[in-house]
Amino acid sequence: MTPSRALRLAVLVGLAVAAAACEREPSELRRPWADADLEAVTLNGTTLHARRVGQHGREEVLSLGPARAGDAWLHIAVEGSSGARAVLDPIDPSTAAPCVVEGTPARWQPCRLAIDRAVPDLRVRVRLDGPEDARAIVSAPLVRSGRPAPSLVIVILTDTLRADCLATYRPGFGLGGAIDRLARDGIVLDHAFSSSSWTRTAVTTLLTGLDASTHRVLERDDVLPRDLDGLPKAMQRAGYQTLAWSANPNILPIWGFDAGFDLFADVGGSTWPKEKAHAGTVLAAALAGLDDRAPAPTLLYVHLMDPHAPYRPAPPDLDAVTHDPGLLATFPGMDAPEAVRADYAAYLAEVRGMDRELGAFFDALRARALYDDATILLVADHGEEFFDHGGIRHAKTLYQEMLHVPVILKLPRNAHAGTHIVGDVGLADLAPTLLGSLALGGLQAADGRDLWDPAADGLRDQSAAQSALLQIDTFHKAALIARPRKLIIDYRGADRLFDLSSDPAERHDLLPAAAAEAGQLRAALDARIARRESGWHVRACGAAQAERHRLELQVRGDVHGAFLEEQDTLRAVDSRGEVGAYEADLDLTPRPSERVIDGQLWSGLRPDEDELVASSPDADALIVRAAEGEPIRYASGLGPPREPATAFTARADDAAVRLRPSDAPECRPQPGADGARTDPDPGFYVRIWYVPPSEHVDDGQVDPALQERLRALGYQR
């Protein structure tokens, strides 16, 4: 071998060894600043968690903590007069080059520090040059060490999109070509259902994995509670940067949706509905933001407002729809005014335009070599009505045109492409399943199921009953889908029962002829929803023998029954004062019960459970007494029953303040595999817990322009 060839070989070997060392070097994406030290700052439509740190004439030093070779990514903004300049300068100049931001008042500007070597504490100096009133704002940094493998997870929320307006869900339908191509690359969930028929409730379920009755984001003023876990926080824990772009005024930081996101951008929500940011605008902004961020594992949430009303399609799209008799013939309503038919054509035109822009977005990902390895979840929050049942728009009913939503999951390298899941799933299942597919840690609590099967490296096709809840404005409804049956409860009207297999359009109410079956479904739905209703819950747990007990309640608020049968009675004794008095006579007769355990049928008697709910905002104002001669035992939260007592004043610190699904306040553990009880029958006792009310944004905190935009959308406050 010649010397020159030997030298070249040595160089190649050295490069290979170095490359292998780089591959073995562990990577990390770290957030060095605690959330408690930050405030959510919104500038030019983008919300970042940041510190106000720099003032003219004074330098401040910030610690970014220990760092290895890599990058530090952050944003800087300058407040005050124009002409200021902010300089972010490492204390040790050999660590990284400075970052300079020319002063454009009240605008976030990206800044990247290239870290050349490992340091025990990366300290940077913030300096301001310019007018004396200048002040700097520095966003929470993301410190990237090593070379993390690229991993991109995209959640695309297509607002108000009916499943039956896509070729994927309606073969032969003339819309949804790009979405259909995504479906051929991924997994289609044929029967996916929303948790409500309006955006904020449904998206909260999507992001948290919690049923609407659990997260309680129901009314116009309700916000996503900061202490709830969710997909963005779980992704952050797993080392992902989390970015969001939303065009919906209901999905903004003021409603708590920036929780868990490193960056949350409002793209058109602040100008809605005067101006509508169509899909092309939102997707372009998301792509540009993705290009500006660290090349690290990323969760990208994109909320599109096509085809939400007001419908403003591009003229070529509207022209194409109105000249397509086949599309116009799909109008779902009956005896509808011509204006509603025109709205349907405009709606389809917006679907057409959104689908085209999604196709361009997917092509842009391919051009960046990101599409093949990306995980993409496309989902709608709810549908839209066009006189299907005599109404229009949404947030009023819980029929299938509202609840049946498209869900498509594309996995890296198009794994399981073309698969269809036919079991019933809900929005609450999607976050746990997405995390499962990524082999990341799960949510701290979830009502939804993780459908990912690690052994099969695919989705389990398992069906489960699905519930939905609508509690907004003058509407209070709930639905239970236990196919083929579907029950819709109108708490201010009449219930309805449908058979979805023979009557998918829900035209024929079966309830008059199937009252007993409807009653069983309603009991199941009440059991699912009522245990998490806000206020005090008092559950009477029966014994193995039939008993009748009287409970006396004093509470600030109204009391109603959640699980009362015909033989149970509840009456107000005195509700004239601030604190009302109520009496409940409860018949606790064991009921026949059959269940299959390990393939064997077990028969027996199940103790009865009756429940009362006091809708009280006061967590320190409930007294429960047994009638004379009938001592009760009190069980707080999940604790053991207390000793017999004739009266007890329940206080919030004695209760399970926020129940997780795994903490369901059942009276007794379920039988074990051998049918035996895991504890002796404790006899009759009472379990009491408190569910706090929803968190709200007061009207005074909501920008008047935003209130006007919500009213323009038809929302009554």
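Being a predicted model, the structure only gives us computed values, none of them experimental.
Listed for the T205 side chain is no donor-acceptor partner under 3.5 Å among the backbone atoms of D211. In this structure, the side chain of Q236 engages the main chain of G260 through a donor-acceptor pair within 3.5 Å. Put simply, the side chain of K233 never gets that close to the backbone of L443: no donor and acceptor are under 3.5 Å apart. Side-chain atoms of R496 do not come within 3.5 Å of backbone N or O of D509 as any donor-acceptor pair. Side-chain atoms of D453 do not come within 3.5 Å of backbone N or O of R460 as any donor-acceptor pair. Between the D495 side chain and the D490 main chain, a donor and an acceptor come within less than 3.5 Å of each other. Side-chain atoms of T433 do not come within 3.5 Å of backbone N or O of D450 as any donor-acceptor pair. In this structure, D568 contributes its side chain and D587 its backbone to a donor-acceptor pair below 3.5 Å. For the pair E506 (side chain) and Q400 (backbone), a donor-acceptor distance under 3.5 Å is present. Counting only distance, with no hydrogens or angles, the side chain of D473 and the backbone of F475 share no donor-acceptor pair below 3.5 Å.
Of the inter-residue distances, the one linking H394 atom NE2 with T199 atom OG1 reads 5.0 Å to the nearest 0.5 angstrom. One distance of note links CZ of R216 with CG of L218; it measures 5.0 Å at 0.5 Å rounding. Here the NE2-CZ distance, from H382 to R162, works out to 12.5 Å after rounding to the nearest 0.5 Å. In this structure, the separation between CZ on R200 and CG on L224 is 10.0 Å, given to the nearest 0.5 Å. The line from CD of Q567 to CG of D610 is 8.0 Å long, rounded to the nearest 0.5 Å. D221 CG to W255 CH2: the interatomic distance, rounded to the nearest 0.5 Å, is 6.0 Å.
The shortest non-hydrogen separation linking T589 to D608 is O-CB, 3.4 Å. Nearest heavy-atom pair, T201 versus S195, reported as atom, atom and distance to 0.1 Å: O-OG, 3.8 Å. Shown here for A395 and R220, the closest heavy-atom pair between the two residues is CB-NH2, 4.4 Å. A pairwise comparison of heavy atoms in D388 and P332 identifies OD2-CB, 3.3 Å as the closest pair. The two residues R492 and T474 make their nearest non-hydrogen contact at NH1-O, 2.7 Å. The heavy-atom pair separating M402 from E385 by the smallest distance is CE-N, 3.2 Å.
A heavy-atom distance below 4.5 Å is not found between the side chains of Y301 and L231. The shortest distance between side-chain heavy atoms of H191 and R483 falls below 4.5 Å. Side-chain contact between L430 and V155 is absent, with no heavy-atom pair separated by less than 4.5 Å. The shortest distance between side-chain heavy atoms of Y582 and V573 does not fall below 4.5 Å. Looking at heavy atoms from C-beta onward, I489 lies out of side-chain contact with K477 at the 4.5 angstrom threshold. Side-chain contact between Q466 and D429: present, with at least one pair of heavy atoms (C-beta onward) separated by less than 4.5 Å. Taking 4.5 Å as the limit, every side-chain heavy atom of T204 sits out of range of all side-chain heavy atoms of L210. Side-chain contact check for H215 versus D222: every heavy-atom pair is 4.5 Å or farther apart.
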### Task
Given side-chain contact (heavy atoms from CB on, under 4.5 Å), test E384 with R393 step by step and report yes or no.
CA-CA 5 Å; E384 189 83 313; R393 307 289 170 86; 3.6 Å; yes
### Task
Decide side-chain contact (heavy atoms from CB on, under 4.5 Å) for F387 and I392; before the verdict, give the C-alpha distance in whole Å, the side-chain angles of both, and the deciding distance to 0.1 Å.
CA-CA 6 Å; F387 254 58; I392 59 172; 3.9 Å; yes
### Query
Would D381 and L206 satisfy side-chain contact (heavy atoms from CB on, under 4.5 Å), going step by step from the backbone distance to the final call?
CA-CA 8 Å; D381 52 350; L206 171 68; over 6 Å; no
### Task
Applying side-chain contact (heavy atoms from CB on, under 4.5 Å), run through L377 and V407 and close with a yes or a no.
CA-CA 7 Å; L377 175 66; V407 177; 3.9 Å; yes
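Salt bridge annotation for R226-D258: present, with a cationic side-chain nitrogen under 4.0 angstrom from a carboxylate oxygen. With respect to D229 and R237, a salt bridge is recorded, a charged nitrogen being found less than 4.0 Å from a carboxylate O. A salt bridge between D499 and R485 is present, with a side-chain N of the basic residue lying under 4.0 Å from a carboxylate O of the acidic one.
Just one residue in the list L551, L612, L586 forms a side-chain contact (heavy atoms from CB on, under 4.5 Å) with V686, and that residue is L551.
For D585, the side chain to side chain donor-acceptor pair (under 3.5 Å) partners two or more places apart in sequence, or in a different chain, are R550, R571. In this structure, S463 has no side chain to side chain donor-acceptor pair (under 3.5 Å) partners at least two apart in sequence or on a different chain.
Other residues, nucleotides and ligands contribute over 12 non-hydrogen atoms within 6.0 Å of the CG atom of D503.
Using cut-offs of 30° and 60° for the angle between ring planes, the H404 and Y169 rings count as perpendicular.
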